[in-house]
Structures are given as C-alpha cells and as structure tokens.
Protein chains: 2
Amino acid sequence: MNTSTEENYLKAIYHLSLQSENVSTNQIAASLNTKAASVTDMLKKLADKELINYAKYQGVTLTPGGEKIALSIVRKHRLWEYFLVEKLNFKWDEVHDVAEELEHISSKELIDRLDDFMGNPKYDPHGDPIPDCNGLFKAHELKPVSSLFLNDSGIISGVRDHSSSFLQYLEKMQLTIGKKIKVAEINDYDHSVILNSEDKKVHISRDVANNLLISL
Amino acid sequence: MNTSTEENYLKAIYHLSLQSENVSTNQIAASLNTKAASVTDMLKKLADKELINYAKYQGVTLTPGGEKIALSIVRKHRLWEYFLVEKLNFKWDEVHDVAEELEHISSKELIDRLDDFMGNPKYDPHGDPIPDCNGLFKAHELKPVSSLFLNDSGIISGVRDHSSSFLQYLEKMQLTIGKKIKVAEINDYDHSVILNSEDKKVHISRDVANNLLISL
DNA sequence: TAAAATTTTTAGATTAGTCTAAAATTATTA
DNA sequence: TAATAATTTTAGACTAATCTAAAAATTTTA
C-alpha cells in the first residue's frame, strides 16, 4: 500500500501530465502547495518504487504502475463527488475538499459497490469522466466557448477551472452542466461573448469563455 | 484538528472507559495493537491538549472535550457501518475495517447529511446505538442470553464480541438482530443453552450465550 | 557563448508516531 | 513488610514527510 501523500503526488503528476509530457519539480510543488525540496525527496521515493520515471533535473513521467494508481485515485475522487452531489445534495462547488479526503479510503470493494449503487455514472458533477474499475474512460470531446464562432451552439459539458468561485459564478449565471447554449454575439474588443441560453442572454468575459467547455 | 492517531486513542479510551473507570496504559496498548511506551508518549500529548486527565502511573479518563471527540468518531463509525450494510449491501461482518477508515473523514456536514440521507438510524448493524449530532444516544437495555432463565424470551439486539468470526457464526445459526428467541433448555453441566427461534431449536455454547445480547 | 537567472538537488533540521531496552514505580505475595 | 512481579515511564533511535539555506545543474539572454 501507498501513503495518502504518495497518492497525492501520483495524482498531481497524472493531472500535470495531461498538459505537458514531462512534469517538472516546480510544477508539482506548486500544485501540491509544497516546496521543491520536498518534491525531490518524494520523487526519489516514487522512483524507487518504480511508480515514476525520474532522472535528475529532467522531470518525471508516470510508469504504467504509477498511472494505474493515479487513475484509481481519480476514479474514487470523481465517484465520491458524484455521490455527494446526487445523493447527499451537496452543491457542485462544495464537494472538492471532502472528496480529497474520501479518495484515500483504500477499499476497492467499497468503491466498486458505490459505483454500482449510483448506477455506474460516466461523468462527475463537473463533467469530468469517471474511470471504470479497470481505469478506462472515454472523455467528452470538449472545446472552450472561446473557440466557438458566431451562431455556433453546443451543450455545457465541463469546466477547465474547478475553483469554487468559478463554479459559484456559473451557478449564478445558470450556466450549468447540460444547458444548451448558442453564441449570439462576440465582442471584438475584449473577446467577451454573449450567449443565448434558455431564451435568456448571458454576457460572459473572455476568461469565463475560456474556462467553460462545450460539446456539440 | 486532531490526527487520526489521536482520534484512535480517544476512541479506544472511550470504549475501555465503559468497562473500567480508570483506563490503564497497557489496556490501551493492547486495544490499539501498540506498545506501552508509545501509549505513554501519546497520553502526554493528549493531556497537553486537555483531552484526557492523566497522572503518571494512575491511568486516564477522558475530559469533556476528549469525550466529545470520541463520541463524534463513534457516531461516524456507526453511521458508515449502517450505510455500508443498508445501502451498499455489505454483510455485518465485513464493515468494520472500512468504517475504521471512514470514521476519520473530518467533514461534519458530510456525516450530518449522510445521517439524514439514511433517515437518522438509531442503531448500527450490530445493535450499537448511534450518537446524534450532539453526541447523545439512548442505549438499549441489554442483557446476555447467559443471564436468562428457562422459558425467558427476548429479541436479539446486540453483540458483545464484534469479531467477524463471531458474527459469521451467528449469521450461520440465523441468530441475527431482530430475531425473537426463547430459552428452551439450559444445560447445567457446560452452561450451554438451547434456544427456540422461529420454531427451530438452536444449541449455543456458554461463550456464545455470553456474547449475544437480548432486549425484552 | 559566457554571464545571469532560474530550477533542481543536497545537506541538515524538525515533527509525529513508533520502537526496544533500561529505569522507575506500583502491586502482589509469601 | 520485604522481595518479587508486573506495569509504566524514560532514554535514545528510527521512519515519513516536511522545511530552509546553500550548492549544483540547466536554461535564458545579452
């Protein structure tokens, strides 16, 4: 078994790997709110366990074993988020911290039964795909609202920013997962966008448009 | 906040306190599968935090603050056990270890919502009372089968031994929570007991009779 | 391409929890 | 009640994870 801390490092490396091939010590330190020196120590430990490929100064990648563990943590995190929202009526901006704790409960039996109990959901409350018990998942084909052209339309299916302030903002604007939207206007000057959603016009900034993801 | 380890010590002291007024270092060591020296270290720490009353060589008791924390852990443990059995179809002998992990999830909001989700159950799958969100609970008035006389009857409402081997044995004998039983025969020689349960006779040893609890 | 800036690693401490072995205290019993 | 036994505490060491400060390596830039 691995410690929660090791699991958190593997998960962080997994998420960072989706952006850049080789993940740097500083990137990991930033994402875990820790110091580079601490990261180096842990990288040595994870490399000894053959969970990451690590060469001094060269950054890291996950080995297949490390990725398997990372995916099991992601699976647990997303299934617990789904449970909190769908069964316990938490709001989508309230679940992250609790799921960060729950994801380290080790029982595989527990998580597989929880998955069945909820009907094997494919996406969590933020639209992120939930790996199945073998670590497999199919991601939506998502693009940011900012990449759409005038009169393009789509369905809100995910977010790039998971911060509660962003999620609360979307909630207030009624731009939540599943809503159908259409681009009514694009402002050339500041790249803000006016959307049509359920017969109402919603004006969002370039930043928001960049972090709001659509499927067609 | 306290660490999981501190919580485990407080919980152990709480359970041991139900048996004997002052709890000894060795009792705690045995119940946590650790060594007396480790316990002494932790007792100092808990005393510094004013969670226990501790005088060298004299054993410990919980302070009101320590008891409050212990009860919150017991509440979480029992509610999670109820969830595992009632919602996820675990058997009553399979839930202990998972609940030992889940009881350390810190969110009070989570556990109070879980409580509501399940309809605020009063007893866990082993018949132990579940403290409410203020730490209050009413215990069943329970007595062991071994204390009954011929032709006495009652309802199986709890167990003294929580080991999975004992629980599995009861399951096999169909002596589970809620079953009505009547003492059909008491063997003077070995104190074994023959029970009538649902028109069937069940023969149990003195040991089993001692660990099986009845309400009238 | 050499100097400067940045990133990463090493060295050495610190904290929480644990351990063994030895010393101190308390309890038992003869 | 003095010797013995049992329990408890202290002393000193170890592991996991973290930190600061300094050294080493890499990258940037002029």
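Chain identifiers are assigned alphabetically (A, B, ...) following the order of the sequence lines, protein sequences preceding nucleic acid strands; residue numbering begins at 1 within each chain. Atom set for the values below is all heavy atoms of this structure, side chains included, hydrogens, waters and symmetry mates excluded.
Contact of the A/Tyr14 side chain with the A/Leu71 side chain is registered, since non-hydrogen atoms from C-beta on lie closer than 4.5 Å.
Checking the phosphate oxygens (OP1, OP2) of D/dT9, no side-chain nitrogen or oxygen of B/Lys44 falls inside 4.0 Å. Applying the 4.0 Å criterion to OP1 and OP2 of D/dT18, one finds that A/Tyr9 has a side-chain N or O inside that range.
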Please tabulate the protein-to-nucleotide N/O contacts below 3.5 Å involving nucleotides 13-15 of chain D, giving atom names and distances.
none

Please tabulate the protein-to-nucleotide N/O contacts below 3.5 Å involving nucleotides 23-29 of chain C, giving atom names and distances.
{"residue": "C/dT25", "atom": "O4'", "partner": "B/Tyr57", "partner atom": "OH", "Å": "3.4"}

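No option in A/Val60, A/Leu43, A/Leu46 other than A/Leu46 meets the side-chain contact (heavy atoms from CB on, under 4.5 Å) test with A/Leu51.
Shown for residues 22-38 of chain A: residues whose heavy atoms fall under 4.0 angstrom of DNA chain C, namely A/Ser24, A/Thr25, A/Asn26, A/Ala36, A/Ala37.
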*Does the pair A/His203 and A/Ser192 meet the rule for a side chain to side chain donor-acceptor pair (under 3.5 Å), with working shown?*
CA-CA 7 Å; A/His203 190 175; A/Ser192 65; 2.9 Å; yes
*Please walk me through it: do B/Asp112 and B/Lys108 pass salt bridge (Lys or Arg N to Asp or Glu O under 4.0 Å)?*
CA-CA 6 Å; B/Asp112 291 347; B/Lys108 181 163 164 54; 3.2 Å; yes
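In this structure, B/Tyr82 has no ring pair (Phe, Tyr, Trp, His ring centres under 6.0 Å) partners at least two apart in sequence or on a different chain. Partners of B/Tyr123 according to the ring pair (Phe, Tyr, Trp, His ring centres under 6.0 Å) rule, which considers only residues two or more places apart in sequence or in another chain, are B/His140.
Side-chain contact annotation: B/Ser163 with B/Asp161, donor-acceptor N/O pair under 3.5 Å present. Using modelled atom types and a 3.5 Å distance limit, the side chains of A/Glu141 and A/Ser215 yield no donor-acceptor pair.
Nucleotide D/dC19 holds its C1' atom 14 Å from the CE atom of A/Met42, rounded to whole Å. Summarising the geometry, the separation between CG on A/Leu46 and P on D/dA16 is reported as 12 Å, rounded to the nearest angstrom. With rounding to whole Å, B/Leu43 atom CG is found 16 Å from D/dT7 atom P.
Note on B/Thr5: only backbone sugar-phosphate atoms sit closer than 4.0 angstrom, heavy atoms only; bases stay farther off.
A 6.0 Å sphere centred on CD of A/Glu171 holds more than 12 heavy atoms belonging to other residues, nucleotides or ligands.
With a 3.5 Å ceiling on both atom-pair distances, the Watson-Crick or G-U wobble partner of D/dA11 is C/dT20.
At a threshold of 4.0 Å, the pair A/Asp124-A/Arg75 does not count as salt-bridged, since none of the basic side-chain nitrogens sits closer than that to a carboxylate oxygen.
For residues 42-78 of chain A, the ring-ring contact (aromatic ring centres under 6.0 Å, His included) pairs, not counting sequence neighbours, are A/His77-A/His96.
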